[in-house]
Amino acid sequence: MQAFSSLFRRSSIHGPCKPPECLAAQHLLGEMPHRNSTRLNALLSAHVRDKDPSSALLLFFQMHRHSIPLDGFSFNPVLAACTALPAAGSHLGRQVHALMLKTACASELIPATSLLDMYSKCGLSGDAVAVFDEMPERDIITWNALLSCFISNGHAQRAINTFSSMVKNRVQFTGFTVSTVLKACASLLSHSQGLQLHGLAVVTGCLHSLVTATSLVDFYSSCGMVVQAIQVFTGFDCPKDSKMCNTLLSGFVQNQRYNEAFKLLGQTTPNTVGLTCALTACSETLNLEYGKQIHCAVLRHDFNSETILCNALVNMYAKCGEIHSAHSAFSLIEEKNVVSWTCIIDAYGRHGHGSEALELFKEMESAEGSPTGVLPNAVTFLSVLSACGHSGIIDEGRKCLNLMRDKYGIEPGPEHYACFIDMLGKAGRIEEAWDVYSRVAGEGRLNVGVCVAMLNGCKVCMDLERSEVVAQHLMELGEDRAGVYILLSNFYAANGRWEGAENIRKVMGYRGLSKVVGSSQIAIG
DNA sequence: TTAGGGTTAG
């Protein structure tokens, strides 16, 4: 148990252990007159219920030190506590697992299911599957936890395959199962399988469950089938809760049905998720007036400590052109996360203030070591690169690409290279752009974005020879967006290559592509 | 012991 003790101490350095609670727990165990397992297990559960996983872990550790017998009722809450500690949970969880093996609880149904769930939520799906495989008995909750494990760890198809084999093997599933598998169908946009699940939900009566019906609304919205989402929503004849309303609201926003989203928002009690969705609608429609009204609602309902909602507020002001309001909203975010920083960096970048965006990125970097500091991610770097591009600060863009790889260990993706090629091309530095393009192509990582950025660079420099190579790559990628073909065709035409332009139009014809006429929008007054 | 809704990109 020494190893467990040292790991726990190490975890406290990173913050999850709060000293006052730790002292309270130690004190409590020393003074408790009847230190029996049942009372202490109840206390463990209470700590987890009170969202105080550090105290639960410390108490568990003390129980072990005082040789208080541990059983399933001790392991279930302590595993939940591990799950709630992202920094140290998996290390501590492994130590708890070792103790479960020693006490033979690892082969009991409920503790083993908790163990599977702990590994799953700590991102260790391989360990979760190993626990599942070794379980001597399983119930439907174990199966549901396994399905959930696959989905939350990015293996949605495996969840669907597992469900198929459950049906074949006549495993009696529940509404939990249907909701979970619907989530997999939504993430894979697996339309036909989702429809089959809808049928199963009707036949088995699961559709009377609020959660299952909500999952179905989410599935249809994700697949762009808003009419069916509305039908499930309105056909649900029991009282709807805020999650179900927000699911449809989010579906309206995802499918650009903004007026319906605003209307539904007006029919619900204001809550953070609904307002966040509505702010996205304001950002997309540049509706500053509604955005300001939502900001008032945020202040009125005292939601201004909600980071996700405040991030949406920053984004709304930035998209609506109000950079100063975006900055004020950003400054007031109490717990800024990586998205908060990315939003404000992007805001300055898209307004052409590249040096301010870079300053903010440096500020973000310098705050890294502080308790409130956060690390940049791939999207942050894309925003920084984009800001450099909008302001033509090429050398800083190059430094940024190196920094993300060398300091943060994030491998630039095609989207980062596309951004870099774009800025080189716009500056007329076609040779450098071509070097980067050729390297990406050599690594087999070309995508449409990289090709289009290079093609635009060729257009700036009127480099017909290279543009033909890029055009060939685009054809090989099977691009089906008309805009890309129009770009190519116009390029040929600008160079007097009418035959080339004609060929492109023919390709568009037999691929059935036509360009949607572009439009712009301005707000007056 | 398992399940449903929200924020960042080109």
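In what follows, chains carry the letters A, B, and so on, assigned in the order in which the sequence lines appear, proteins first and then strands, with residues in each chain numbered from 1.
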How about [X] and [Y]: are their ring centroids closer than 6.0 Å?
X	Y	result
A:Phe132	A:Trp143	yes
A:Phe163	A:Phe173	yes
A:Phe219	A:His198	no

What is the separation between atom CE on A:Met135 and atom P on B:dT2, rounded to the nearest whole Å?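 Whole-Å distance recorded here is 13 Å.
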
Atom OH of A:Tyr119 to atom C1' of B:dT2: distance rounded to whole Å?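 Nearest whole value for this atom pair: 18 Å.
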
Is a donor on one side and an acceptor on the other found under 3.5 Å between the side chain of A:Asn76 and the backbone of A:Gly72?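 The answer is yes, because a donor-acceptor pair under 3.5 Å joins these two groups.
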
Tell me whether A:His351 contacts the main-chain N or O of A:Ala347 through its side chain, where contact means a donor paired with an acceptor under 3.5 Å.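 Judged by distance alone, yes, a pair lies under 3.5 Å.
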
Could you run through nucleotides 3-10 of chain B and give me one letter per nucleotide, 5' to 3': B if any protein heavy atom sits under 4.0 Å from the base, S if only the sugar-phosphate is that close, - if neither? BBBBBBBB

